[in-house]
Amino acid sequence: MNNKYQHIQEAAYQANMQLPKLGLVLFTFGNVSASDNALGVFAIKPSGVPYDELSPAKMVIVDFEGKTVEGSLRPSSDTLTHAVLYKHWPHIGGIVHTHSTYATAWAQSQRSIPNYGTTHADHTTVDIPCAPPMSDAMIAGDYEYETGFQIMNCLAEKGLSYQEVEMILVGNHAPFTWGKTPDKAVYNSAVLETVAQMAYLTEQINKEAPRLKDALIKKHFERKHGPNSYYGQ
Ligand SMILES: O=C(CO)[C@@H](O)[C@@H](O)COP(=O)(O)O
């Protein structure tokens, strides 16, 4: 393996191995990638390989067009989604996709996750968005490639930057998170799953549960991250 990619293979491997430890994946669900924007490539989990069989050398090197640059294994089936986001979002260094139970249930419901409390407000000032499900045209096209644009278009339509919210649900699919580093993206996936579970339980306990007031959300977020801050700093 070309050692010029060793740093991102190691980073991708370590981040992938956190997913089963955090209970965010079952069997071969999900995948993590780590990018090097200067080299224009990322390392991603190989498709269908169980986590306990992974190694840094098995991480597949892919460019931002989704083309395999190095590696004998097939890259994740979500590779084109990762590639689209790295190509258009220069300030991220890691992307995570899981099928974690509660976040996936919200994605399948096609609802955004309302902000019911300060746990959510610690991490984003907005309802966690759910991108609409695939259109017929997208389904006829390249599903995974289109998912990247589904994610970007959803944030754009809501006037959100990828640096103020680092997590999203994809309708009828599952969550994607990102961050400056793969570890931050993994952290975001664990936070998303926890907030999704809390929101689900909140609605079970009280289906009329009120959202947190916007003024308090802003105040709470700024107390945690500083004035005029944004989550992806
Ligand atoms: O989203 C899906 C399937 O819906 C994939 O993340 C999951 O099956 C993992 O696939 P890969 O093993 O990464 O190809």
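Both backbone and side-chain heavy atoms feed into the values below; hydrogens, waters and symmetry mates do not.
- Within the 4.5 Å cutoff, no side-chain heavy atoms of Met167 are placed close to those of Pro175.
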**Request:** Evaluate the criterion side chain to side chain donor-acceptor pair (under 3.5 Å) for residue pair Asp122 and His225; output intermediate values, then yes/no.
**Result:** CA-CA 8 Å; Asp122 278 347; His225 301 282; over 6 Å; no
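- Side-chain atoms of Thr118 never come within 3.5 Å of backbone atoms of Ala121 as a donor-acceptor pair (strictly under, hydrogens ignored).
- Proximity of a side-chain donor or acceptor of Gln14 to a complementary backbone N or O of Ala11 within less than 3.5 Å is not detected.
- The minimum heavy-atom distance between Ala15 and Pro182, with the atom names listed, is CB-CB, 3.7 Å.
- A distance of 11.0 Å separates CD1 of Ile168 from CE of Met152, quoted to the nearest 0.5 Å.
- Side-chain contact annotation: Ser47 with Ser77, donor-acceptor N/O pair under 3.5 Å absent.
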**Message:** Determine whether Tyr5 and Val69 satisfy the following criterion, side-chain contact (heavy atoms from CB on, under 4.5 Å), listing intermediate values before the conclusion.
**Reply:** CA-CA 10 Å; Tyr5 302 133; Val69 170; 3.5 Å; yes
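- A side-chain donor-acceptor contact under 3.5 Å links Asn115 to the backbone of Gly117.
- With a 4.5 Å cut-off on side-chain heavy atoms, Thr194 and Gln197 do not count as touching.
- The shortest distance between side-chain heavy atoms of Val32 and Met17 does not fall below 4.5 Å.
- Within the model, atoms CG of Asn188 and CG of Leu192 stand 8.5 Å from one another, a figure rounded to the nearest 0.5 Å.
- Side-chain contact between Leu85 and Tyr162 is absent, with no heavy atoms from C-beta onward closer than 4.5 Å.
- At distances below 3.5 Å, not a single donor-acceptor pair connects side-chain atoms of Asn37 with backbone N or O atoms of Gly40.
- Thr68 pairs in a side-chain contact (heavy atoms from CB on, under 4.5 Å) with only one of the listed residues (Thr79, Asp63, Ile61, Val60), which is Val60.
- No continuous path of ILVMFWY side-chain contacts below 4.5 Å connects Met198 to Tyr116, so the two sit in separate hydrophobic clusters.
- Across every non-hydrogen atom of Val25 and Pro20, the tightest pair is CG2-N, 3.6 Å.
- Residues Arg211 and Asp127 are paired through a salt bridge, judged by an N-O separation under 4.0 Å between the basic side chain and the carboxylate.
- In this structure, CD1 in Ile128 is found 11.0 Å from OG1 in Thr177, a value given to the nearest 0.5 Å.
- A distance of 10.0 Å separates CG in Asn172 from CE in Met134, rounded to the nearest 0.5 Å.
- Annotation for Tyr51 and Leu19: closest pair OH-CD1, 3.7 Å, computed over non-hydrogen atoms.
- Taking the six-membered ring where the residue is Trp, the centroids of Tyr187 and His123 are separated by under 6.0 Å.
- Of all heavy-atom pairs between Ala196 and Trp106, the closest is O-NE1, 3.0 Å.
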In residues 212-219, what donor-acceptor pairs under 3.5 Å come from side-chain atoms, sequence neighbours left out?
from	atom 1	to	atom 2	distance (Å)
Lys218	NZ	Glu222	OE2	2.7

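- When side chains are defined from C-beta on, Glu146 does not count as touching Ile139, because their heavy atoms never get closer than 4.5 Å.
- Between Ser100 and Glu193, the shortest heavy-atom distance links the atoms OG-OE1, 2.7 Å.
- Ile95 contributes atom CD1, which lies 4.0 Å from atom CD1 of Ile92 (distance to the nearest 0.5 angstrom).
- Ring centers of Phe149 and His88: under 6.0 Å apart, within the cut-off.
- Between Arg111 and Glu203 there is a salt bridge, since at least one side-chain N of the basic residue sits less than 4.0 Å from a carboxylate O of the acidic one.
- In this structure, Leu54 and Asp52 have side chains that are not in contact, with every pair of non-hydrogen atoms separated by 4.5 Å or more.
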**Message:** Assess the residue pair His173 and Asp78 against the criterion (side-chain contact (heavy atoms from CB on, under 4.5 Å)); give the C-alpha distance rounded to whole Å, side-chain angles, the decisive distance to 0.1 Å, and a yes or no.
**Reply:** CA-CA 11 Å; His173 186 177; Asp78 298 295; 3.9 Å; yes
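- Although no hydrogens or angles enter the test, the distance criterion places a donor-acceptor pair under 3.5 Å between the side chain of His120 and the main chain of Val126.
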**Item:** Evaluation steps, side-chain contact (heavy atoms from CB on, under 4.5 Å), between Thr104 and His99
**Value:** CA-CA 6 Å; Thr104 300; His99 284 226; 4.0 Å; yes
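- In this structure, CG on Leu24 lies 6.0 Å from OG on Ser189, to the nearest 0.5 angstrom.
- In terms of heavy-atom proximity, Pro132 sits nearest to Cys154 at CD-CB, 4.5 Å.
- Judged by a 6.0 Å distance limit and a 45° cone about the ring axis, Lys45 is not positioned over the six-membered ring of Tyr13.
- Note: the hydrophobic cluster containing Tyr102 does not contain Ile205 (ILVMFWY, side chain heavy atoms under 4.5 Å, direct or indirect links).
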**Message:** Could you go through Lys67 and Val62, starting from their C-alpha distance and side-chain angles, then the distance that decides it, and tell me whether this counts as side-chain contact (heavy atoms from CB on, under 4.5 Å)?
**Reply:** CA-CA 5 Å; Lys67 218 159 75 333; Val62 182; 5.7 Å; no
**Message:** Using the rule given for side chain to side chain donor-acceptor pair (under 3.5 Å), can you reason through Ser33 versus Tyr86, listing the C-alpha separation, both sets of side-chain angles and the distance that settles it, and then say yes or no?
**Reply:** CA-CA 10 Å; Ser33 64; Tyr86 282 128; 2.7 Å; yes
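- Between Pro133 and Gln110, the closest side-chain pair of non-hydrogen atoms falls below 4.5 Å.
- Leu39 places a side-chain heavy atom less than 4.5 Å from the side chain of His7.
- Under a 3.5 Å cut-off, the side chain of Lys58 and the backbone N or O of Glu53 do form a donor-acceptor pair.
- No more than 12 heavy atoms of other residues, nucleotides or ligands sit less than 6.0 Å from atom CG of Asp136.
- Just one residue in the list Phe29, Phe176, Trp178 forms a ring pair (Phe, Tyr, Trp, His ring centres under 6.0 Å) with His97, and that residue is Phe176.
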